[in-house]
Amino acid sequence: MEEIFKKAYEPKEHEGVIYKIWEESGFFNPEKMIGAGLTHEKAEAYTIMMPPPNVTGILHMGHALMLTLEDILIRYHRMLGQRTLWIPGTDHAAIATQARVEKDIYKNEDKSRYDLGREELLKRIDVFAKASHDTITSQIRIMGASCDWSREAFTLDEKRNFAVNTAFKKMYDEGLIFRGLRVINWDPKGQTTISDDEIVYEEREATLYTFKYACDFPIPVSTTRLETKIGDTAVAVHPDDKRYQDFIGKEYKVSFCGEELNLKIIADREVDPNFGTGALGVTPAHSQIDALMAEKNHLPMVQVIDEKARMISKNELLNGKKVLEAREIIANWLREQKLLIKEEKIKQNVATAERTGGIIEPLPKKQWFVDVEKEFVPVCHAGATATASRNNTDPVVSLRDDKALQKTSLKRIMKKSVESGAITILPEHFSKIYFHWIDNLKPWCISRQIWYGHRIPVWYDEAGEVVSVGNEPTSAKGSGVVMQDPDTLDTWFSSALWTFSTLGWPKETAELEIYHPTSLLETGYEILFFWVARMILMSGYFLDEVPFKKVLLHGTVRDAKGRKMSKSLGNGIDPIEIAEKYGADAARMALVTAAAPGTDIKIEENKIKGYKHYTNKLWNITRFILDNTETSDFAKLNEEVVATTEADRKILEEFAKAKAKITQSLNDLEIHLAALEAYRVTWNELADFYIEASKKQLEDPGIKTHTQKLLAHLLVQALKLNHPFIPFVTEKIYQSLPHKNKPLLMVETW
RNA sequence: GGACGCUUAGUUCAGUGGUAGAACGUUCCAUUCACAUUGGAAAGGCCGCAGGUUCAAUCCCUGCAGCGUCCACCA
């Protein structure tokens, strides 16, 4: 027996070495598996694209969970003999990364991004991103992820940039990407536009002012944002409101705090007649709802607040003032003029930016949008023509709207992908949430006023007209200076292409043929809309197929008290520290067994400690079996097994049952049940029951040899059944058994 | 305001139309034994509440309560 089994299992001593052996074998790469004759070339493909962690620092428990679940499935499918590919990568996470670096620079050098300039800031971010990338990829290795590093991708590398620009151009040409003046969510702190999904609402107390614009103005209105009232161009009432019927359609000129306002009385069903006075001052430039009303009624839009959340006004007292100061000034003016009718405190939800905490200021700005409603006739994309001949088991459902025969929209593509069953979302109830989201979908604002990211591939002439779109600026015919759009793309635009930009798209590669659509997307439910839906959109549009056949959503990892792990609470558990202390195997077991699909996961150190005991249990099972079997070639012992005693029959039956259950659970993506079953059969059946029974059998010369064979057989079976969950200890044991030649457990058959 | 989910042992959670399950914790016993990280056993439950469907409901349906999440938004 090898020396190492004489003491307790020490994960730290073995895990790094084992990972190196795996990586150097090349078998994370499916083509290498085929080359070595371990996988059949025609074998069904099984593909997962790793959700790329942000290059904003280090791996957290959520990543560890994601890696664990995906690695279990990948190892299982590799052992099944499928052509198994798992592509790793990282995400540039534009806003998050830039904000992180800017914060550091501000702290250390007291400089803003404008002090550094675009080029210098980008240099600094690249350095940070590179370091962060290196940390993260080494941590992914520590967790034991058997992903194909030869195909590693970054959402902002050259290949992905080419894909992004190609995608942008194509959608622009189709009219699906347009530029428009919209009231968007402006973050004055981050100096950028943010999407609706990046807003968090905070409840605060606000003052609701009820006032009249002028003494001869007939309708009093209520507002919490007095300062925006100098930008009002209408007053809206409910069309059925009896009080105001006579005024609808009339126009009034008023002098309001040094500004001349032209106010039209309009009727709109959006107005709640029971709130305030039942009348609403319409500020088209600084409220999204108001902008819609203004569009319907052809009202002018007057911007009165700038990007720094300061006033723009003809009134010298107001101009350049912060919004809160302006609010006071106007309130005082109203009091002096005796126009202020009422002041009351109300609770109000204030929109703030998730990343910076800045209070959102709705502003009109020219932005780039993806139009999700626009109907278009899909071109038969090159990729789509080949779908019929694809090497995939499931028929590829065309995502075009059959009824309309020709026309569809991005929204319909997104809906149909799930509705038709081409994509299954697990747990199933998330489908409802998905459909609900799609029904309420608005144009997707894809431009961001930050510097880190894919720069919008649009060039303008001096007049600001678009002269070129795509990968390279084509020289404008005779026109003057050509300037690239200063903005960058929403980070989700590039990650939306992830399932196929990682496979060589827009080139028509063999890889796309073989590995797309991918088999499964495994990710947290919190990015169902940000990411999952947008991948469905892009894949449906560019390839006329779904990006993945199944979506498995896991929950948020929380601490023992059910709180989210966060830096500010200091309750985070670092997966790498844990792996260091108890082994990656133990961390994996603790995570997977707690992870029922879609439910949040509570984790505490004790649980992980418990699973370290489990790896040691397996270690001791091995020690016992090696102690009681003398052989130079373990594989031979493992060959044929027959049951002679009652205990033999029972244990073989238990193993057969366990194998069936684990297989079934993994196929059903009930990974936690599979892991618990492996644990149960190993500890309760093999260790507690059969090893105890074998002690007597080994003393009986008549059945001693037979019992040894059976023990050897059971050990190998147990190693295989456990390998997807706890790959390191099982591989280490397998490597240490007396084999004539030393195969890798990782590539053994299930 | 709208949607979705959860409620099962002291705790954390599985689970099923027919006698209620695990892990941890607790208590007791055993242990020179592959296991310092062991084994065996015990205690512990109106399966949130109220109706309904059913021969039979913890499970299916309806309502309610508490907790949680997401979405919208408050002029």
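Chain A is the first sequence line, chain B the second, and so forth, proteins listed ahead of strands; every chain is numbered from 1.
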Give one of base, sugar-phosphate or nothing for [X], where a contact means two heavy atoms less than 4.0 Å apart.
| X | answer |
| --- | --- |
| Thr224(A) | sugar-phosphate |
| Ile691(A) | base |
| Asp272(A) | base |
| Val271(A) | base |

Worksheet, complete the sentence: Scoring nucleotides 2-8 of chain B by protein non-hydrogen atoms under 4.0 Å (B base, S sugar-phosphate only, - none) yields --SS---
To the nearest Å, how far apart are [X] [atom1] and [N] [atom2]?
| X | N | atom1 | atom2 | answer |
| --- | --- | --- | --- | --- |
| Leu673(A) | C13(B) | CG | P | 16 Å |
| Phe530(A) | C71(B) | CZ | C1' | 12 Å |
| Ile733(A) | A34(B) | CD1 | P | 17 Å |
| Glu526(A) | C71(B) | CD | P | 11 Å |
| Asn185(A) | C71(B) | CG | P | 13 Å |
| Lys609(A) | G25(B) | NZ | C1' | 14 Å |
| Leu676(A) | A23(B) | CG | C1' | 9 Å |
| Tyr679(A) | A14(B) | OH | C1' | 15 Å |

[N]: pairing nucleotide in any strand, Watson-Crick or G-U under 3.5 angstrom:
| N | value |
| --- | --- |
| G39(B) | C29(B) |
| C55(B) | G18(B) |
| G48(B) | C64(B) |
| A23(B) | U11(B) |
| A72(B) | none |

[atom1]-based separation of [M] from [N] [nearest Å]:
| N | M | atom1 | result |
| --- | --- | --- | --- |
| A43(B) | G68(B) | P | 36 Å |
| U27(B) | U53(B) | P | 48 Å |
| G40(B) | A23(B) | P | 10 Å |
| C35(B) | A30(B) | C1' | 15 Å |
| G1(B) | C60(B) | C1' | 30 Å |
| C6(B) | C61(B) | P | 11 Å |
| C24(B) | G18(B) | C1' | 31 Å |
| G15(B) | A56(B) | P | 27 Å |

Would you say the side chain of [Y] lies within less than 4.5 Å of the side chain of [X], judging by non-hydrogen atoms?
| X | Y | answer |
| --- | --- | --- |
| Lys345(A) | Thr207(A) | yes |
| Ile72(A) | Arg588(A) | yes |
| Thr277(A) | Tyr244(A) | yes |
| Tyr734(A) | Leu715(A) | no |
| Lys442(A) | Phe369(A) | no |

Worksheet entry | Ala594(A) or Leu686(A), whichever maps to the more 5' nucleotide of RNA chain B |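 Result: Ala594(A).
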Discussion item. Any carboxylate oxygen within less than 4.0 angstrom of a Lys/Arg side-chain nitrogen, looking at Lys657(A) and Glu677(A)?
Written reply: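 No salt bridge links Lys657(A) with Glu677(A).
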Worksheet item: Less than 4.0 Å between a side-chain N and a carboxylate O, is that true for Glu361(A) and Arg225(A)?
Response: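 Looking at Glu361(A) together with Arg225(A), the answer is yes, because their closest N to O distance falls below 4.0 Å.
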Worksheet item: Can you tell me if His672(A) uses its side chain to pair, donor with acceptor, with the backbone of Ala594(A) under 3.5 Å?
Response: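 No.
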Worksheet item: Between Tyr690(A) and Asp648(A), does any side-chain donor sit less than 3.5 Å from a side-chain acceptor?
Response: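 Yes, because at least one side-chain N or O of Tyr690(A) sits under 3.5 Å from a partner of the opposite role on Asp648(A).
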Worksheet entry | Proximal nucleotide (of A34(B), C73(B), A14(B)) relative to the Ile621(A) side chain |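 Side chain of Ile621(A) sits closest to A34(B).
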Worksheet item: Can you list the steps and then say if Asn185(A) with Gln288(A) is a side chain to side chain contact (heavy atoms under 4.5 Å, CB included)?
Response: CA-CA 9 Å; Asn185(A) 308 304; Gln288(A) 284 170 15; 3.1 Å; yes
Fill in: Residue pair Tyr582(A), Thr615(A): steps toward the side-chain hydrogen bond (donor to acceptor under 3.5 Å, both in side chains) verdict
CA-CA 10 Å; Tyr582(A) 304 106; Thr615(A) 55; over 6 Å; no
Identify the pairs formed between an N or O of the protein and an N or O of nucleotides 35-44 of chain B at a distance under 3.5 Å, and give each distance.
from, atom 1, to, atom 2, distance (Å)
C35(B), O4', Asn620(A), OD1, 3.2
C35(B), O2, Lys617(A), NZ, 3.1
C35(B), N3, Lys617(A), NZ, 2.8
U37(B), O2, Asn616(A), ND2, 3.1
U38(B), O3', Lys617(A), NZ, 3.3
G39(B), OP1, Trp683(A), NE1, 2.4
G39(B), OP1, Asp688(A), OD1, 3.3

